[in-house]
Amino acid sequence: MLRYSLLILLSFNMLSFEILPDKDIDIDSWRFVKDQVMGGKSDGSMILKESTNQNFDYISAKGNVSTDGGGFLMFRKEIDADNLNDFSKIKFKARGNKEKYFIHIKTKGSIFPWVRYLSEFDVTEEWQDFEIEFDEFIRYSNKNPKKRNLNPKKIKLIGVEASGRDFEMDIDIASMSFSK
């Protein structure tokens with residue numbers, strides 16, 4: 001019986017790679033980044049919130065995105081995994097202020113901060129479940145899209161980005177994972 005339970009548990013763990021757990025979130029593993037490091041004027045912050053009527057906790061980020069000298073805010077986490085090759089998508093919950101945001105992925109070998117993979121999603125004021133296939137991500141170098149597929153085994157960082165226009169960032173993210 002124990003043997004079968006271990007096999008089932010190991011199989012389940014291989015179906016997803018948890019980035020943002022439902023509970024016991026390590027907020028210190030996430031970093032909030034402002035364009036001020038490059039001369040921009042965007043400003044904001046993130047905090048961990050414990051839900052009172054949901055079965056998950058979440059990261060809440062707020063701020064003001066300004067294209068005056070920059071134009072982005074982001075919160076991100078480094079991914080420490082040897083092999084993500086078996087995964088094909090990212091799953092997460094989000095809600096916010098009816099704006100467009102991006103999932104931001106950096107890969108090993110990308111040394112310039114403006115080289116990244118992006119996929120956009122629109123939030124509403126209600127929690128929604130999102131699934132974004134890796135082949136939906138577009139590689140950008142500066143503002144120019146490039147035709148190049150995202151290689152999951154090279155993923156080193158994932159984030160949520162607010163960018164490209166002047167607006168108020170107000171987004172909550174929960175239960176994020178890579179999945180098959």
Side-chain angles (χ1 to χ4, degrees), residues 10-22 25-26 29-35 37-38 40 42 44 46 56 58-59 61 63 65 67 70-96 98-124 127-165 167 169 171-180:
L10 288 173
S11 297
F12 179 73
N13 284 340
M14 299 308 280
L15 296 176
S16 69
F17 178 87
E18 192 172 68
I19 302 164
L20 183 61
D22 290 338
I25 296 170
D26 178 12
S29 68
W30 290 82
R31 183 172 161 227
F32 195 84
V33 181
K34 308 171 190 180
D35 63 7
V37 297
M38 297 189 221
S42 301
M46 69 172 191
F56 55 85
Y58 56 95
I59 293 176
V65 179
T67 56
F72 78 90
L73 293 171
M74 174 178 29
F75 56 101
R76 66 187 191 187
K77 176 182 181 171
E78 290 191 27
I79 301 298
D80 185 22
D82 291 331
N83 189 0
L84 299 173
N85 218 25
D86 292 335
F87 301 110
S88 63
K89 60 187 164 190
I90 182 168
K91 296 168 67 172
F92 59 97
K93 294 181 181 306
R95 71 175 179 189
K98 301 180 183 177
E99 291 284 354
K100 174 177 66 174
Y101 295 91
F102 299 92
I103 295 295
H104 173 118
I105 292 179
K106 295 278 292 174
T107 56
K108 296 171 187 162
S110 296
I111 56 173
F112 298 111
W114 54 82
V115 176
R116 73 257 190 242
Y117 289 85
L118 299 176
S119 186
E120 68 180 56
F121 63 100
D122 295 303
V123 294
T124 65
W127 283 107
Q128 295 176 63
D129 291 317
F130 291 89
E131 286 188 17
I132 302 173
E133 298 286 336
F134 287 158
D135 63 9
E136 295 177 45
F137 281 84
I138 299 170
R139 183 177 183 267
Y140 284 86
S141 178
N142 284 331
K143 296 181 182 178
N144 300 318
K146 306 280 185 190
K147 284 202 170 232
R148 196 174 282 170
N149 291 336
L150 173 61
N151 183 345
K153 72 180 180 181
K154 290 189 170 189
I155 293 173
K156 71 173 184 180
L157 182 144
I158 189 161
V160 176
E161 179 180 311
S163 66
R165 65 202 184 284
F167 74 106
M169 176 188 205
I171 187 167
D172 300 330
I173 297 285
S175 304
M176 185 180 281
S177 64
F178 292 130
S179 181
K180 291 186 179 209

Supply the atom-to-atom distance M46 CE to R76 CZ, rounded to the nearest 0.5 angstrom.
11.0 Å
Partner of R95 under salt bridge (Lys or Arg N to Asp or Glu O under 4.0 Å), picked from D122, D172, D129, is D172
Is the number of heavy atoms from other residues, nucleotides or ligands within 6.0 Å of CG (D80) greater than 12?
no
Mind checking whether F134 and N149 have side chains closer than 4.5 Å, heavy atoms only?
no
To the nearest 0.5 Å, what is the distance between CD1 (I132) and OG (S88)?
12.5 Å
What side-chain donor-acceptor pairs closer than 3.5 Å can you find for residues 158-165, not counting sequence neighbours?
residue : atom : partner : partner atom : Å
E161    : OE1  : H104    : ND1          : 2.6
E161    : OE2  : S163    : OG           : 2.7
R165    : NH1  : S163    : O            : 3.1
R165    : NH2  : E99     : OE1          : 3.0
R165    : NH2  : K100    : O            : 3.0

Test log, rule side-chain contact (heavy atoms from CB on, under 4.5 Å), inputs L73 and M169:
CA-CA 8 Å; L73 293 171; M169 176 188 205; 3.8 Å; yes
For a quick check under 3.5 Å, do R148 and Y117 share a side-chain donor-acceptor pair by atom type?
no
For residues I90 and M176, determine if any side-chain heavy atom of one lies less than 4.5 Å from a side-chain heavy atom of the other.
yes
Atom pair NZ (K89) and NZ (K180), whose distance is rounded to the nearest 0.5 Å:
11.5 Å
I'd like to know whether F87 forms a side-chain contact (heavy atoms from CB on, under 4.5 Å) with N85, so could you lay out the CA-CA distance, the side-chain angles of the two residues, the decisive distance to 0.1 Å, and finally the verdict.
CA-CA 6 Å; F87 301 110; N85 218 25; over 6 Å; no
As an exercise, state the distance from OG of S16 to NZ of K91, rounded to the nearest 0.5 Å.
7.5 Å
In the structure I gave you, are the side-chain heavy atoms of L20 and I173 within less than 4.5 Å of one another anywhere?
yes
Is the shortest heavy-atom distance from the side chain of K153 to the side chain of L84 under 4.5 Å?
no
Check this for me: K156, atom NZ, are more than 12 non-hydrogen atoms of other residues, nucleotides or ligands nearer than 6.0 Å?
yes
Could you walk me through whether I103 and F137 satisfy the side-chain contact (heavy atoms from CB on, under 4.5 Å) test, starting with their C-alpha distance in whole Å, then the side-chain angles of each, then the deciding distance to 0.1 Å, before giving a yes or no?
CA-CA 9 Å; I103 295 295; F137 281 84; 3.7 Å; yes
Hey, do the aromatic rings of F92 and F121 have their centres closer than 6.0 Å?
yes
Looking at side-chain heavy atoms only, is the closest gap between I59 and F75 below 4.5 Å?
yes
If I take atom CG from residue L157 and atom OG from residue S110, how far apart are they, to the nearest 0.5 angstrom?
10.5 Å
Measure the acute angle between the ring planes of Y58 and F56, then classify it against the limits of 30° and 60° as parallel, tilted or perpendicular.
perpendicular
Do other residues, nucleotides or ligands put more than 12 heavy atoms under 6.0 Å from K108 NZ?
yes
Does a side-chain heavy-atom distance below 4.5 Å link F178 with I19?
yes
For the student: nearest non-hydrogen atoms of I138 and K146, plus distance:
CG2-O, 4.3 Å
The test is side-chain contact (heavy atoms from CB on, under 4.5 Å); show your working for Y101 and E120 and say whether it passes.
CA-CA 6 Å; Y101 295 91; E120 68 180 56; over 6 Å; no
Should we say atom CD of Q128 is surrounded by more than 12 heavy atoms from elsewhere, each under 6.0 Å from it?
yes
G44 to K34 - nearest heavy-atom pair and separation
O-CE, 3.3 Å
What closest approach, in Å, do G71 and D35 show between heavy atoms, and which atom pair accounts for it?
N-OD2, 2.5 Å
With the side chain counted from C-beta on, respond yes when W114 and S141 share a heavy-atom pair under 4.5 Å apart, and no when they do not.
yes
